[in-house]
Trainee: 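This is the structure I have questions about; it appears just below.
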Amino acid sequence: MTETIHPNPAEDSVGYDPTAIERKWQERWETRGTNHTDLAAGVRPFYALMMFPYPSAEGLHVGNLFAFTGNDIYGRFQRLQGHTVFEPLGYDAFGIHSENFALKVGTHPADLIPRNIDNFRRQLKRAGLMIDWRHELSTTDPDYYKWTQWLFLQLYKRGLAYKKGAAVNWCPNDKTVLANEQVIAGECERCGAKVEQRFLEQWFFRITDYAGRLLDNLDSLDWSDSTKQAQRNWIGRSDGAELSFRVQDLEELTGTATIASGESGEYTAEPIDVRVFTTRPDTIFGATYLVLAPEHPLVGALTTDEQRGAVLAYQQRAAKQDLVSRKVSKEKTGVFTGTFAVNPATQSPIPVWIADYVLMEYGTGAIMAVPGHDERDFEFAKVFDLPIARVVAPGGATVPHGPMDAAYTESENVHLVNSGEFTGLSVAEAKKAIVVWLALNGHAKAVVNYRLHDWCISRQRYWGPPIPIIYCDHCGTVPVPEQDLPVELPYVEDFKPDDSGVSPLARVESWYRVACPTCGGQARRETDVSDTFLDSAWYFLRYPSTGFSDTPFDETITKKWLPVNSYIGGNEHAVLHLLYSRFTTMVLHDAGLIDFEEPFTKFRAHGMIIREGAKMSKSRGNVVNPDEYIERWGADTFRTYLMFLGPYEEGGDFRDQSIAGVRRFLDRLWYSVVGATTDGAPDAGVIRKLHQTIKKVSSDLPVLSYNTAVAAMMEYMNTVRRGERMAHRAEVEPLVQLVAVFAPHLAEELWERLGHVESVFDAGWPVFDASLAAEEMQTIAVQVGGKTRGTVQVPTGAGQEAALEAAMADPSISKFVVATPKKVVFVPGRLLNLVI
RNA sequence: GCCGGGAUGGCGAAACGGGUAGACGCGAGGGACUUAAAAUCCCUUUCCCGCAAGGGAGUCCGGGUUCGAGUCCCGGUCCUGGCACCA
C-alpha cells in the first residue's frame, strides 16, 4: 500500500474508531447470537446463498469479499424487511487445485486445508458478514462427503451413473491425468512433455437425459440473462435429422469392384448403413462424400484391403494426439477408406473418408460432407480434391453452376438449386420436405442433438471423496451399502499420482481390499475419487441440515427453506457448477426426495474487480489483501467502498485513493449522529430529502444497485451538513438504519448511542412517507426547437399553461422564441419544448 | 468463427418506460481555520471562445427515426468475458 493516503483520524476518543467498534460488535453478535437463524421457528424464511469459496493458502481474495458483501447486504436488507434470513458459508476444499498446491509445498492436504480454513474463517469474521457460523461446512469433512457418496448411490440406483471407457489427457513424464486446461499447445503445463491420449474406464452421470429439461426450465428462472444464455449455449440444442447412407458392393452400380471387406478380410455381403447427423438435410443433393471419426466402430468394416494400412496409421496417429490440440489444429487431414456409399437423394456413389475433424462424441460420429455449403467440408474438399456441388443459391438467382471459391452458408432468403423436385424451395421448407421424402424409405428421421456430454465424475487423484463402489469377482459391480458410508479417504503419505493411470489410492492395498458386501468374497474398492463439482452440486441442501447426522437434508427443514431464494456468485460458474446443481436437484426431485426441481429461484452474477485499470494477479503483485485494508480503514469502510466502486453486476476498478471518500462519508455520519441535537424540530427540507433518500435506497437494494444507493446516502449526508449545520436526531436516526446494511458495526454502535437496546437489525426499515418527500416547486427544462435554453420553477403539478407563462416571462428564454410556436410539447414535471 | 458484456470529464462512475448529460466519489485549483502542517469546512472544476454577460461544441465513428437520442433503428471501429472443427 502507498503511504500517501488519508491517515486514520480517529486517535481521539470522540472520533470514529472502527477497530474498537468492530471488535466490540463482532464479539457482541457472537454472545448475543444476533446472526443465528432460528430455522425451525423463524417466519418468512429467506435463504440468501453465496457461492462458497475454495480455501486457498493465499487467504481470502478481495473478489470473494466483493461477492459475499453483496450477498450480505441483500440478506440484511431482507431481514430488515421482516424476513428470517439464513446466510450460511462453507468451504469447497476438495479438488485438484488443493492437491497440486499441497504437492508443490510438500504438505499433506489433510494438514494444509484445516489451516487454510482457519485463516479464511478468521478473515471472514472480520468482514462483518451476517453468517450463522453454526451451519459452517467443509466438503472435506467425512460428515459431509458421506452424503456426497450417498448422492452418487442415488444416481447409481436410478441408472444415472454408469461406467465406460473414455479418453483422457495423459502426461507420460509426470505420469498423471491432466485436465484440458493443463494442456498448453499439446504439452503438459508443468513439465512440457508431449501429452497423449489414454483410455480409462470412468464413471459418468447421464446428465444428457436431462438436457431438454435443463434447457426448457431456463425460461422460467429469474437468473441473470448472461448466465441463462451461457447455459443455453453449453447445452447446445441442434434440431436436425439423422440420415442413412448405404454402403455396399458397388459393382452393380458402377461396374467397379470396390468390395468392402471385414476386418479379417472376409467378403461383406451384408449392406452397411452409415448414419450421419445433419442440421442441413436440405443440402443432401450436395453431399459429395462421407466422413467418419477415426474411432468410428464401422471404420474397420468399411476399409478396403488396399487402404487398410493408411487407415490404421491415421487412426493410430489420431489416438496419440492429445485431446486439446486435436480439436484446435485446423488443418484438415484424413484418409480414404476405399469404399463408396450411395447418396440416397442423388443415387450417386460417394467416397467414404475418415478424418479427425469429425468427433466421435457428437451426433453419430459421422457426417455427410457438403463442401458447397459448409466451411469445414469445403476446406477438406479443397485439400483432397473432392467434388464440390452447389445446391443453394441466393433468392431469385438462376441455377448458378460452376466452381465455387468458398462455402456458401447463407440460409435466409435463399432457395435450393440442383436438387431435383426440391429445387426452388426455401431452406426451411426443404429441410422438412426432404426429411419426409427420405423417411419414406427409412433413410431419415428428425432428431434433436445436444452438445452437452455426460458428466465424467471420475478423477484418478487422491484429494476427493472415494467413489462408493466395490468390485467383486463373483458379484461384479456392487454399490457400497448406505449404512457403510462414508467410505473414508485414508491418510496416505505418498499421494502423488503415478504411472499406473489410476488413483494413488490404488497403491493402498490395506484400504482397497475389502470383503464383498453381497457375498463376502474377495473384492476391491473403486480407487478413483469423484469430481469436486459433485461436492458443490448439493451443498446448498446441506447447510440448513448440518445438525442432522442421519440424513443429508431433513425433510421438514428442507421444505421450509428451499429452494434458495437468492443466490449470488461469479459468472465463471455460469455453466458447470450451476448446471450440475440443477441436474442434481432434478434427480433428487424425480427420486421423490425433494419437492422442487430447480435449486435457485433467483441467481445474480456479480462482476469482476480489477485494480487501477489492470487485472489482479499474483505475478503482477497487485492483489488486494483484505486484511491490510480492513486494518487501515475498517471493515465497514472496506465493505462500503467495494459496493461503491462500480455497478455490482458489472464489477469495477479498485482504486486505493478512492477509499478515502467512503471513509470521509462514514466519519461525517459518525459526527452527525454523535453530535445530533434534539432541540426544536428537524428541518422540513432536510426531512424531504430524507424521505427521497429512503425511497431511493429501498428501490436500489433489491436490484443490487449498491453504488447508487451509497451515492444517495452521501448526497443526503451533504444535505444534512450543508453549511456546517448541526444535524437533528430525527434527520439522522433513519439514516443509521439505511447505512446498516453496508456498515453494520458502525450502525450498531450509533444505534446504541441513540439509546436503543435491541440490534439495529431487529429494528426494521425506515418507512417512506410520500407526502413528506413531495416537493412544492418543480424545475422544468425549457427547450426552444429542441435546444435547452433554460429552466423555470413552477408549483408541483402545474400544467402546460403555467409552465409556458413562466417560460415566456423569462427574457433569457423568451428571446429565442422568435415566432409563434408551431407546436408545444409538455412533459409534466420535466420539460417544455416550443417548436418554432 | 459463434454467443454475451461494454465504450460517457483528468479518473471511478450516474442518468426512471427517449425528456436539463456528468449525480456521488477521487484527483486538481482557490479560500477559511492554524505560528505552521495535517485533519476539517467552504467555493470552482466537460471542452472551446470571452474580463464578463453570454455563446458554441459535446456521451467511440458514420447514417436514420423523433419536437427531442447516451438511451431506439441500420452500418462500422475498438475493448472485454465465455465457447470453439458440435456437422
Side-chain angles (χ1 to χ4, degrees), chain A residues 6-9 11 15 224-230 232-234 236 238 240 276-280 283 291 326-332 355-359 361-370 374-377 379-380 449-453 571-572 574-575 607-608 610 612-613 615 641 644-647 649-662 664-665 667-668 671 699 705 707-718 721-724 779-791 812 821-827 829-836:
Chain A
H6 181 71
N8 190 336
E11 294 306 326
S224 299
D225 285 335
S226 58
T227 312
K228 288 209 262 190
Q229 202 47 46
R232 286 195 190 99
N233 292 344
W234 187 264
S238 284
V276 305
F277 174 74
T278 179
T279 54
R280 294 293 303 275
T283 60
V291 188
R326 170 165 167 187
K327 290 191 179 183
V328 164
S329 84
K330 300 275 185 192
E331 311 92 75
K332 296 285 178 288
D356 66 1
Y357 82 96
V358 174
L359 309 174
E361 318 94 75
Y362 186 74
T364 61
I367 62 156
M368 66 173 198
V370 185
D374 180 282
E375 285 165 14
R376 296 151 303 184
D377 297 343
E379 213 181 303
F380 191 83
N449 247 311
Y450 297 96
R451 53 195 311 178
L452 181 68
H453 291 14
N571 235 349
E572 69 273 17
V575 177
M608 253 194 15
I610 55 171
E612 313 282 351
K615 214 179 219 174
Y641 175 61
F644 181 64
L645 56 70
E649 290 177 80
E650 286 166 37
D653 193 358
F654 188 103
R655 307 174 66 87
D656 283 19
Q657 273 193 328
S658 301
I659 306 174
V662 171
R664 283 201 268 267
F665 162 62
D667 280 335
R668 281 198 283 263
Y671 286 111
S699 62
S705 191
N707 56 334
T708 54
V710 173
M713 292 187 293
M714 287 173 165
E715 208 178 325
Y716 177 58
M717 198 72 254
N718 293 342
R721 290 176 64 91
R722 181 141 302 142
E724 293 189 68
T779 307
I780 304 263
V782 182
Q783 300 184 337
V784 178
K787 258 187 187 317
T788 304
R789 295 302 184 179
T791 61
S812 66
K822 281 189 289 199
K823 185 176 163 188
V824 177
V825 179
F826 179 65
V827 183
R830 288 215 175 262
L831 149 151
L832 180 74
N833 187 4
L834 308 173
V835 187
I836 305 286

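Numbers restart at 1 for each chain; the letters A, B, ... are given by sequence-line order, proteins then strands.
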Trainee: Looking at C16(B), does its base get a donor-acceptor pair with the side chain of R830(A) below 3.5 Å?
Mentor: yes

Trainee: Quick one: CZ on R668(A) to CZ on R721(A), what's the gap to the nearest 0.5 Å?
Mentor: 7.0 Å

Trainee: Measure from NZ or CZ of K332(A) to the centre of the six-membered ring of Y357(A) and say whether it is under 6.0 Å with the direction within 45° of the ring axis.
Mentor: yes

Trainee: Counting only heavy atoms not in E612(A), do more than 12 fall under 6.0 Å of its CD?
Mentor: yes

Trainee: How would you label the contact of K787(A) with the nucleic acid (heavy atoms, under 4.0 Å): base, sugar-phosphate, or nothing?
Mentor: sugar-phosphate

Trainee: May I ask which nucleotide in the shown strands pairs with A39(B), Watson-Crick or G-U wobble, both distances under 3.5 Å?
Mentor: none

Trainee: About how many Å separate CG of L452(A) and CG of N233(A), when rounded to the nearest 0.5 Å?
Mentor: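 Nearest 0.5 Å value for the CG-CG distance: 12.5 Å.
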
Trainee: Rounded to the nearest 0.5 Å, how far apart are NZ of K615(A) and CE of M608(A)?
Mentor: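 CE of M608(A) is found 5.5 Å from NZ of K615(A).
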
Trainee: In whole Å, what separates the P atom of C26(B) from that of A7(B)?
Mentor: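 Pairwise P distance, C26(B) against A7(B), rounds to 23 Å.
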
Trainee: Starting the side chain at C-beta, find the nucleotide from C67(B), A84(B), C41(B) nearest to R721(A).
Mentor: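 Looking only at heavy atoms from C-beta outward on R721(A), the closest nucleotide is C41(B).
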
Trainee: Can you tell me how far P of U80(B) sits from CD of E572(A), to the nearest Å?
Mentor: 19 Å

Trainee: Starting at the 5' end of RNA chain B, which residue's closest nucleotide do you reach first, S812(A) or K615(A)?
Mentor: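 The residue whose closest nucleotide sits nearer the 5' end is S812(A).
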
Trainee: Examine the base of C85(B) for any acceptor or donor lying under 3.5 Å from a partner atom in the side chain of K332(A), and report the outcome as yes or no.
Mentor: yes

Trainee: Apply the syn/anti split at 90° from 0 to G9(B) and say which one it is.
Mentor: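 Syn, angle within 90° of zero.
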
Trainee: Which whole-number value in Å describes the distance from Y357(A) OH to G1(B) C1'?
Mentor: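 Atom OH in Y357(A) sits about 16 Å away from atom C1' in G1(B).
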
Trainee: What is the distance, rounded to the nearest whole Å, between atom CG of L831(A) and atom P of C16(B)?
Mentor: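 Taking atom P of C16(B) as the reference, CG of L831(A) is at 15 Å.
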
Trainee: Return the value, rounded to whole Å, for the distance between atom CG of D356(A) and atom P of C85(B).
Mentor: 11 Å

Trainee: With rounding to the closest Å, how many angstrom separate the P atoms on G4(B) and U8(B)?
Mentor: 22 Å

Trainee: Side chain of T779(A) only, please: which of C24(B), U20(B), A87(B) is the nearest?
Mentor: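 Out of C24(B), U20(B), A87(B), the nucleotide with an atom closest to T779(A)'s side chain is U20(B).
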
Trainee: Going from CG on N449(A) to OG1 on T279(A), what distance comes out if it is rounded to the nearest 0.5 angstrom?
Mentor: 10.0 Å

Trainee: Can you tell me, in whole Å, how much space there is between the P of A69(B) and that of A21(B)?
Mentor: 10 Å

Trainee: Given the side-chain rings of F654(A) and Y641(A), with only the six-membered ring counted for Trp, is the space between their centroids under 6.0 Å?
Mentor: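 Yes, they do, as the ring centres are separated by less than 6.0 Å.
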
Trainee: To the closest 0.5 Å, what do you measure between CG (N718(A)) and CE (M713(A))?
Mentor: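 Rounded to the nearest 0.5 Å, the CG-CE separation comes out at 12.5 Å.
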
Trainee: Looking only at side-chain N and O atoms, does N718(A) come under 4.0 Å of OP1 or OP2 in G25(B)?
Mentor: yes

Trainee: Using purine N1 to pyrimidine N3 plus N6-O4 or O6-N4 for Watson-Crick, or N1-O2 and O6-N3 for G-U wobble, both under 3.5 Å, which nucleotide pairs with C2(B)?
Mentor: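 G82(B) - that is the nucleotide pairing with C2(B), both distances being under 3.5 Å.
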
Trainee: Would you classify T791(A) as touching base, sugar-phosphate or nothing, given that sugar-phosphate means primed atoms plus P, OP1 and OP2, and contacts are heavy atoms under 4.0 Å?
Mentor: base

Trainee: Please give the nucleotide sitting opposite U71(B) as a Watson-Crick or G-U wobble pair, both distances under 3.5 Å, or none.
Mentor: none

Trainee: Roughly how many Å apart are U80(B) and C85(B), using the C1' atom of each and rounding to a whole number?
Mentor: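 Those two atoms are separated by 25 Å.
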
Trainee: Given that both distances must come in under 3.5 Å, which nucleotide forms a Watson-Crick or G-U wobble pair with G25(B)?
Mentor: C11(B)

Trainee: Atom CD of E715(A) and atom P of G25(B): how far apart are they, to the nearest Å?
Mentor: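 Taking atom P of G25(B) as the reference, CD of E715(A) is at 8 Å.
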
Trainee: What's the closest nucleotide to the side chain of M714(A) if the choices are C24(B), A87(B), G19(B)?
Mentor: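 Taking heavy atoms from C-beta onward, the closest nucleotide is C24(B).
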
Trainee: Let me know the distance between CG of L452(A) and P of A84(B), rounded to the nearest Å.
Mentor: 12 Å

Trainee: Find which nucleotide of RNA chain B each of G363(A) and I780(A) is nearest to by heavy atoms, and output the residue with the more 5' nucleotide.
Mentor: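 So the residue in question is I780(A).
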
Trainee: Give the rounded distance in Å between these two atoms: CG of N571(A) and P of G82(B).
Mentor: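 So the CG-P distance, N571(A) to G82(B), works out to 10 Å.
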
Trainee: Could you tell me whether the phosphate oxygens of G56(B), OP1 or OP2, come under 4.0 Å of any side-chain nitrogen or oxygen in R789(A)?
Mentor: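 For G56(B), OP1 or OP2 has a side-chain N or O of R789(A) closer than 4.0 Å.
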
Trainee: Going by atom types alone, do N571(A) and T227(A) pair a side-chain donor with an acceptor below 3.5 Å?
Mentor: yes

Trainee: When rounded to the nearest Å, what value does the distance between P atoms of A23(B) and G76(B) take?
Mentor: 35 Å

Trainee: Please report the interatomic distance CG(L832(A)) to CD1(I780(A)), rounded to the nearest 0.5 Å.
Mentor: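 Here the rounded value is 7.5 Å.
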
Trainee: What interatomic distance, in whole Å, is found between C1' of G50(B) and the corresponding atom of A57(B)?
Mentor: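 Approximately 15 Å lies between the C1' atom of A57(B) and that of G50(B).
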
Trainee: Can you tell me how far C1' of C24(B) sits from CZ of R664(A), to the nearest Å?
Mentor: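 Between C1' of C24(B) and CZ of R664(A): 13 Å.
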
Trainee: If a protein heavy atom is under 4.0 Å from the base, mark B; if only from the sugar-phosphate, S; if neither, -; do that for nucleotides 2-13 of chain B going 5' to 3'.
Mentor: -SS------SBS

Trainee: Which value, in whole Å, describes the distance between the C1' atoms of nucleotides C16(B) and G30(B)?
Mentor: 37 Å

Trainee: Now, which nucleotide makes the Watson-Crick or G-U wobble pair with U59(B), with each of the two distances under 3.5 Å?
Mentor: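 U59(B) is unpaired by these criteria.
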
Trainee: Quantified in whole Å, what is the P atom distance between nucleotide U71(B) and nucleotide C61(B)?
Mentor: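 That atom pair is separated by 11 Å.
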
